[in-house]
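Predicted model, so just to flag it, every value in this text is computed and none were measured. Residue numbers start from 1 in every chain, and the chains themselves are labelled A, B, ... in the order their sequence lines are given, proteins ahead of strands.
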2 protein chains.
Amino acid sequence: MVEEFSFINWIRGRTDLDAENFPVGPGDDCAVMRVGGQLLLVTTDQCCDGVHFVLQQCGARQAGYKGMARSLSDIAAMGGEPMAAVATVAMPRGMDDSQAEQLYLGLRCAGDAFRCPIIGGDVSVWNNPLLLTVTMLGRPVAAKPILRSGAVTGDAICVTGSLGGSQVSGKHLSFTPRIEEARELVFRYPIHAMIDISDGLASDLGHICRESAAGADLWAEAIPISTEAAGREDPLAAALGDGEDYELLFTLADGDAKKLLADQPLEVPVTRIGTITAAKELHLLGKDGKVALWVETGFRHRT
Amino acid sequence: MVEEFSFINWIRGRTDLDAENFPVGPGDDCAVMRVGGQLLLVTTDQCCDGVHFVLQQCGARQAGYKGMARSLSDIAAMGGEPMAAVATVAMPRGMDDSQAEQLYLGLRCAGDAFRCPIIGGDVSVWNNPLLLTVTMLGRPVAAKPILRSGAVTGDAICVTGSLGGSQVSGKHLSFTPRIEEARELVFRYPIHAMIDISDGLASDLGHICRESAAGADLWAEAIPISTEAAGREDPLAAALGDGEDYELLFTLADGDAKKLLADQPLEVPVTRIGTITAAKELHLLGKDGKVALWVETGFRHRT
């Protein structure tokens, strides 16, 4: 069976983009291309019934909302703001007009909240479950987008909100994409690297480290655990591995982090959870001070 | 069950775009947006196993090729050239690495032929058939894109190549997108309206007429019928309705058409097949000179 990350790496190995016109190719939250002297962010994500949502449980409107919100989260992770989206929908035969309309209204609900119009799309009907795909275009709010590859040894690792249990609490369907938070962060602080937490803190911090050729010390006690995850047998494992939190994970210089943490400028709390290291290894530092070599696992979508 | 065109019309009724930044919204071959002073074409299309191809018959490489070629055809239909594409793939669990690689190589084969790099994407695995979605960005080769809405009474209606039987001949999988032909046409002649024939000549001419608030007289004897369709019981019906020809259907002033037809500047023949009228009705003119009121039907994808 195809393993997603190794397949994407295989693709990256075959991708040879003109760096002037395409500064960022596959492997970040968005691709970046130059259009008319402006940097354009491009991201595409699919939402499949049985993988990213269960239509019978959540309804078409919520599925549409999530489809749009996932792409908005990717734009946020680049320090960007959305410009426009296109959406495709493969509908199960038998889906009726009112469900189709609810799906569209869900897409619009998430898009309208961040002034992201739907400018085009494609509709098919087939004998299989619902699948929707959203491609979103955006622009960096600062001069340059924030990449996964910008982390520097000594950087503070910070996260917005709290982590874990998103699949159970329903946050994975109804989350607010961190567009406003990303804008505030990028305007006010020199953010070095950023990603949205979709695969899970462990896995997504791994992406930052790999792309930055760095490592990390994670402080187990500092990781903000969601109410949902706190009730679980192993709350820390949930916060590290559940995924689909759609919070921002980012790094910045130690001094800038001190200012940010004192300011707390966002409507959600920002927490420092560790430090970028030169070790090219990931360590989890527990309360007994012991360093546990930590093997990245990360969340995989399950049917 | 959802009817594709009425659903898209419902969406268009709810779309209120800022015309300065988004000159063309849903309902043409591409949306058009302004980015950094440049007009950007945006199109998105999905290819579903069992609808647009049958994976077991055509293989993953051909499915990938078609996925990219369909979007290229939409860019061509706007008088555009491609800049970049992103692709998503929902893979059936059990699809192996070599099939996934063939799929990507098929996408690349079509993209590379027209200097259209794949700059990003998304891969999921699910318990259902293969579905791929390609979103493509392009730019108009002239100052403005060619829309469906530009047809004028008295315009000649022309078509590239020959029509019908694409599903049987396999052309619907292996066609060459008319990027080069569209560029040549747009550079050399003032094309008023253009579309690629995906739904079928009848249906797609209907799109041009509706968007242009016009009608058409189609000359039955002039319609170029493919070898495949010529062997059918009703070759004309095949050419009118089969769809997925991915040829260019366009209109231009009578005098310009005379020059174009004398020049025959393309590698494929260009044929005049009728005239745009003010009637807001579609007529098929048969060899006995009788005017048959012609009801638009067009091709619908079947599973």
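Separating the CD1 atom in I8(B) from the CG atom in D122(A) is a distance of 7.0 Å, to the nearest 0.5 Å. Atoms CZ and CE, from F7(B) and M95(A) in turn, are 8.0 Å apart once rounded to the nearest 0.5 Å. To the nearest 0.5 angstrom, I118(B) atom CD1 is 10.0 Å from L17(A) atom CG. With rounding to the nearest 0.5 Å, the separation of CG in N128(A) from SG in C48(B) is 8.5 Å. Atom OG in S6(A) sits 5.5 Å away from atom CG in D97(B) (nearest 0.5 Å). To the nearest 0.5 Å, atom CE of residue M33(A) and atom CG of residue L40(B) are 6.5 Å apart.
Other residues, nucleotides and ligands contribute more than 12 heavy atoms inside 6.0 Å of the CZ atom of R14(A).
Here D245(A) pairs with nothing under the side-chain hydrogen bond (donor to acceptor under 3.5 Å, both in side chains) rule; sequence neighbours left out. Take R12(A) and apply the salt bridge (Lys or Arg N to Asp or Glu O under 4.0 Å) test, not counting sequence neighbours, and it matches E211(A).
When all heavy atoms of V51(A) and W126(B) are compared, the closest pair comes out as CG2-CB, 3.7 Å. Listed here is the closest heavy atom pair of F22(B) and I119(A): CD2-CG2, 3.7 Å.
Looking at D96(B), only its backbone comes within 4.5 Å of chain A, counting heavy atoms on both sides.
Inter-residue side-chain proximity for V42(B) and L137(A) is flagged as met; some heavy-atom pair is nearer than 4.5 Å.
Comparing G37(A), G121(A), G94(A), G27(A) by how many heavy-atom pairs each has under 4.5 Å with chain B, the most go to G121(A). For chain A, the option among Q38(B), M83(B), Q46(B), R139(B) with the highest count of heavy-atom pairs below 4.5 Å is Q46(B).
Contact residues of residues 85-92 of chain A toward chain B are V86(A), A87(A), T88(A), V89(A), A90(A), M91(A) (heavy-atom distance under 4.5 Å). Contacts between residues 100-110 of chain B and chain A, counted as heavy-atom pairs separated by less than 4.5 Å, involve A100(B), E101(B), Y104(B), L105(B), R108(B).
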